[in-house]
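A note on names: the letters A, B, ... follow the listed sequences, proteins ahead of strands, and every chain is numbered from 1.
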Amino acid sequence: MKPITNPTKFSRHLSTATQRTQTIHQNAEAFVIQILDNNPDFKTLKEIHSKIISDPHLYSDTSLAIKLMRAYAAHGKPEITRKVFDEIPERNNVICNVMIRSYVNNHFYKDAILMYKSMVASGVMPDHYTLPCILKACSGSNSLRFGVQIHCPAVKKGLDLTLYTGNGLVAMYGKCGNLVEARRVLDEMPYRDIVSWNSMVAGYAQNGRFDEALEVCKEMESLSVIPDPGTMASLSPAITNTRKENVVFVKKMFLNMAKEELVAWNVMIAVYANNSMSSEAVSLYSLMEAHGLKPDAITIASVLPACGDLSAVSLGKRIHEYVVMKVLRPNLSVENALIDMYAKCGCLQEARKVFDEMQIRDVVSWTSMMSAYGRSGKGHEAIELFSKMQELGLVPDSIAFVSILSACSHAGLLNEGKYYYKLMREEYKIVPRLEHFTCMVDLLGRAGRVNEAYDHIKRMPVEPNDRVWGALLSACNVYNNMDIGIIAADHLFQLAPEQSGYYILLSNIYAKAGRWKDVTLIRLFMKGRGIKKIPGVSNVELDDRVHTFLAGDRSHPRTAEIYDELDILLGKMKEAGYVPKTDTALHDVEEEDKENHLLVHSEKLAIVFGIISTKRGIPIRITKNLRVCEDCHIAIKYISKITDRRIVVRDTNRYHHFESGICSCGDYW
DNA sequence: GCCAACCGTG
């Protein structure tokens, strides 16, 4: 080899070569970083991963490995994250923190805790990044004991009162139910932010202590800490069935808040929807759209139950189209809510279509579909679904059994109902709750086993509520059992003294037995207690508007046409054999001309309005706030045949699908 | 090089 004569020149040459290689490496690295930092899709991510593996320079770069780990975690693949982690030769807190966070963000709490333990065991010290994260693992897995084990060393290191760790501790104690300790940590923190307060609010709300959660909100206000959308979100676990004044409080909070965040709207809609304020929920949804905000999957899942409740099927359908257009599917909550919305609007086929098109179904999906069939009297279809669900290895829960039991009772499937009750207790070890007892009493009662139903109540290990006794009273009315009826009514007058329906049921029982004195007595009793009969109201939706009718209503702009048509229809019905069934009008405590009164029941008016307002062939959907009376039931069967229309009536607890003179309930309701 | 709370369906 030729001796080097000019070392300077050579070194210059060497140096440019190194630079060039370095530049290549830098370019490659910058390229990889750029991709990893921009949420690559899974395919790109895997390509980048193999590129890193094939290049020793990139492979040995720990910061790239960290980015790779985060990207895999973001794709919900903590197992792959772990593989990358295991190949990194060095161990420090940052690397371990990223691994723990990958587990935690994917709900692999146990793995996160194991990782934490091995980190400590190998001498890597947890820091102020580790603690908030591992505390979240404790919250997520409800491990108060381990949480406390984290708290102690945190105190020793003086990290317990730092903002992020302190907040994590408040959240952990709150989630695990130790609210005293959560509050103590909050009080001792020298510096708190909105997250600290929201964590405290969430703690109370998660434990069903809504009043105390609101107290914290009030405290915040008094300290000039302005509640934010996160505060609303924190309240939400406790918002179901709360008192009116609490709804008012949350509404005030919402109104005082900046409106550009979807979360605040979502929570407010859910508050309305979960407190029997469906029309408010739907109005707020429209207002939100008018505000220019685009609903997300959570908005949709929150507002759909309200649509179902109002039978607002055209809004429901529009939302469905939006879901399809915005590709908010597949999403379990959204799809399940769609099934239920359609089911509550009486659109069984549409509900089934959503169900059939789902890629993944959970117990909620199956339950929604089963109760859709159940409420329409299609007990065998519900049973078929239940078996399919079992075959697929899904475990029915308590609510799934409520749904199948009620399907059996509505369809008169006594033995099947008894079988599922047994299955629930013996195979699935589910302790029956009030809802199940109500179903069983209803099942036995509807099948005419009134005594057995009463025995079932007597054997209940929990105090029966008004719904249980109500089911028994209904059965007594159907099967003319006055003795047990009086017992049931006695309980009901104490448990639900303001519910007029129960007085009317009892008066019905007396009337059928010819005990007119007792009928009068009940009427006086109701008067004395100031109880008014709830007027029957029927709704029918037309072009996005809900039209409401009372019995004998003459307030609708098209009243004249409605009554003319009713008259014509009545003639045709009588020709076909319809005889008004006046003895069911006994429940009318007011003495009125029975036949005439029957003819103008709200559902009849609503149906006639539907007929004159829509084209032939369009089904008519009615929602009623009371049960359909027997006369209307007979009349609607005739109407469906004469006008050749499908008529769907939703009453308080079930659906009647009338078609060609037949009702889906098989006259059993 | 990496952090915390909080919103949905039967």
Side-chain angles (χ1 to χ4, degrees), chain A residues 33 37 61-67 69-70 73 92-102 104-105 127-136 139 159 162-172 174-175 182 186 192-203 205-206 213 227-237 239 261-271 273-274 295-305 308 328 331-341 343-344 354 361-372 374 396-403:
Chain A
I33 289 176
D37 281 348
D61 186 335
T62 313
S63 75
L64 280 187
I66 287 176
K67 285 183 190 294
M69 286 169 72
R70 289 180 62 208
N92 61 33
N93 5 20
V94 176
I95 297 160
C96 294
N97 290 348
V98 173
M99 190 60 237
I100 293 174
R101 189 165 311 108
S102 302
V104 171
N105 290 343
D127 60 8
H128 62 293
Y129 280 98
T130 325
L131 295 180
C133 188
I134 198 68
L135 284 168
K136 188 176 175 178
S139 311
L159 289 175
T162 58
L163 187 61
Y164 280 77
T165 304
N167 290 350
L169 283 167
V170 173
M172 184 276 293
K175 181 75 199 302
L186 179 74
R192 296 180 282 246
D193 67 356
I194 186 77
V195 175
S196 329
W197 288 101
N198 290 351
S199 304
M200 195 65 230
V201 171
Q206 283 156 350
D228 72 346
T231 318
M232 301 265 303
S234 303
L235 283 171
S236 72
I239 53 168
E261 281 208 53
L262 207 52
V263 182
W265 294 84
N266 287 355
V267 176
M268 197 63 230
I269 290 170
V271 168
N274 289 307
D296 66 359
I298 299 180
T299 324
I300 307 279
S302 307
V303 76
L304 280 175
L328 297 179
N331 179 308
L332 270 177
S333 303
V334 167
E335 291 165 299
N336 291 343
L338 278 170
I339 295 175
D340 194 54
M341 180 276 295
K344 287 202 177 120
V354 175
R361 301 181 192 91
D362 65 358
V363 177
V364 179
S365 328
W366 290 90
T367 306
S368 307
M369 202 56 231
M370 283 192 294
S371 51
D397 62 6
S398 177
I399 306 176
F401 276 104
V402 172
S403 153

Worksheet item: Considering only B/dT9, B/dA4, B/dG10, which nucleotide approaches the side chain of A/Asp193 most closely?
Response: B/dA4
Worksheet item: Quick one: is B/dA5 close enough that its OP1 or OP2 comes under 4.0 Å of any side-chain N or O from A/Gln206?
Response: no
Worksheet item: Do A/Asn92 and A/Asn97 get their side chains close enough for a donor-acceptor pair, meaning under 3.5 Å?
Response: no
Item to complete: Send over the distance from A/Trp197 CH2 to B/dA4 C1', rounded to a whole Å.
Response: 17 Å
Worksheet item: Between A/Asp193 and A/Ser196, is any side-chain donor less than 3.5 angstrom from a side-chain acceptor?
Response: yes
Worksheet item: Any idea which of B/dC7, B/dG1, B/dG10 is nearest the A/Thr62 side chain?
Response: B/dG1
Worksheet item: Has A/Lys67 got a side-chain N or O lying under 4.0 Å from the OP1 or OP2 atom of B/dG1?
Response: no
Worksheet item: Rounded to whole angstroms, how far apart are CG on A/Leu332 and P on B/dT9?
Response: 13 Å
Worksheet item: Of all the nucleotides listed (B/dT9, B/dG10, B/dC3), which has the minimum atom distance to the side chain of A/Asn274?
Response: B/dT9
Worksheet item: Will you find, in the side chains of A/Asp228 and A/Asn198, an N or O donor that is under 3.5 Å from an N or O acceptor?
Response: yes
Item to complete: Check if the side chain of A/Ser368 and the base of B/dG10 share a donor-acceptor pair of N or O atoms closer than 3.5 Å.
Response: no
Item to complete: Side chain of A/Asn97 only, please: which of B/dC6, B/dC2, B/dA4 is the nearest?
Response: B/dC2
Practice prompt. Ignoring hydrogens and angles, tell me if any N or O in the side chain of A/Thr165 forms a donor-acceptor pair with the backbone of A/Thr162 under 3.5 Å.
Written response: no
Worksheet, complete the sentence: Quick note, A/Val364 side chain, CB onward, closest among B/dT9, B/dC7, B/dC2 is B/dT9
Item to complete: Go through B/dG1, B/dG10, B/dA4 for me and flag the one nearest to the A/Thr367 side chain.
Response: B/dG10
Worksheet entry | A/Ser302, nearest nucleotide to its side chain (from B/dT9, B/dG8, B/dC7) | B/dG8
Worksheet item: According to the 5.5 Å centroid and 30° plane-angle thresholds, does A/Tyr129 stack upon the nucleobase of B/dC3?
Response: no
Practice prompt. Can you tell me the distance, in whole Å, between the CG atom of A/Leu338 and the C1' atom of B/dG10?
Written response: 13 Å
Item to complete: Between B/dA4, B/dC7, B/dC3, spot the one nearest the side chain of A/Val263, thanks.
Response: B/dC7
Discussion item. Any donor-acceptor pair, under 3.5 Å, between the side chain of A/Asp296 and the base of B/dG8, if you only look at N and O atoms?
Written reply: no
Item to complete: Would you indicate which nucleotide in B/dC2, B/dC6, B/dT9 comes nearest to any side-chain atom of A/Val94?
Response: B/dC2
Worksheet item: Of the nucleotides B/dC7, B/dG1, B/dA4, which one has an atom closest to the side chain of A/Ile66?
Response: B/dG1
Practice prompt. Would you name the heavy atoms of A/Ala372 and A/Ala343 that are closest together and state the gap between them?
Written response: CB-CB, 3.3 Å
Practice prompt. Please confirm whether any donor atom in the side chain of A/Asn331 sits under 3.5 Å from an acceptor in the base of B/dG8, or the reverse.
Written response: yes
